[in-house]
Amino acid sequence: MKLDTVRLVVDLKSLSRGMNRGVFTIPLDRIEWNIEDVEPEESMGTLELEVDFEDIAVQCSGRLDAHFCTPCARCLEPSSFDICADIHRSYTWSPDPASEEQREVIPQSGELDILDAVREAVMLSIPCKPLCSPDCAGICYN
Ligand SMILES: [Zn+2]
């Protein structure tokens with residue numbers, strides 16, 4: 001399985017029928033995350049992917065092992081969080097309007113864009129009250 005590790009695009013032509021598995025080191029600092037107030041803490045992360053290539057659909061699932069930062073809710077210093085959400089996305093050549101499942105259409109180029117799915121996993125992992133440390137005292141104005 002070939003993955004463009006900056007654009008996070010899987011090349012469909014590199015997949016075999018059935019289950020494809022891969023582990024990729026991805027340059028977190030070169031990916032366009034575009035998530036407000038969120039930055040990768042380290043330059044590299046590990047992306048584990050499983051892509052099931054079947055006749056009518058391609059199912060993609062995976063896990064990103066990485067640390068990101070978002071401002072602490074009390075002092076605004078960067079606070080680190082891990083990615084705890086899994087990646088799931090389905091793709092198809094011709095969507096069935098009757099199907100309950102949301103599937104993305106596979107483009108002519110044969111490129112499966114998984115950036116959105118990975119971005120979603122990052123967004124779902126953002127803590128609702130991020131703290132730089134459990135006993136953060138907040139901004140001191142004295
Ligand atoms: Zn803090």
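Just the heavy atoms: all of them, side chains too, but no hydrogens, waters or symmetry mates, feed the values below. Given the structure is predicted, the values throughout are model-derived calculations rather than measurements. Each ligand, and each atom within it, is numbered from 1 in the order the structure gives.
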Please list every donor-acceptor pair under 3.5 Å in which a side-chain atom of residues 35-49 meets a protein atom from a residue at least two apart or in another chain.
residue : atom : partner : partner atom : Å
E41     : OE1  : S80     : OG           : 3.0

From the list V51, I114, L112, side chain to side chain contact (heavy atoms under 4.5 Å, CB included) with L3 holds only for I114
Side-chain atoms of residues 128-136: list all donor-acceptor pairs with protein atoms under 3.5 Å, sequence neighbours left out, distances to 0.1 Å.
residue : atom : partner : partner atom : Å
S133    : OG   : D135    : OD1          : 2.9
S133    : OG   : C136    : N            : 3.4

Is there side-chain contact between R89 and I87, with at least one heavy-atom pair below 4.5 Å?
no
Ignoring water, what protein N, O or S atoms are under 2.8 Å from the Zn ion (ligand 1)?
C72 SG, C75 SG, C132 SG, C136 SG
Which side-chain N or O atoms in residues 25-32 pair as donor and acceptor under 3.5 Å with protein atoms at least two apart or in another chain?
none

Within a strict 4.5 Å, meaning less than it, do heavy atoms of the Y91 and D113 side chains meet?
no
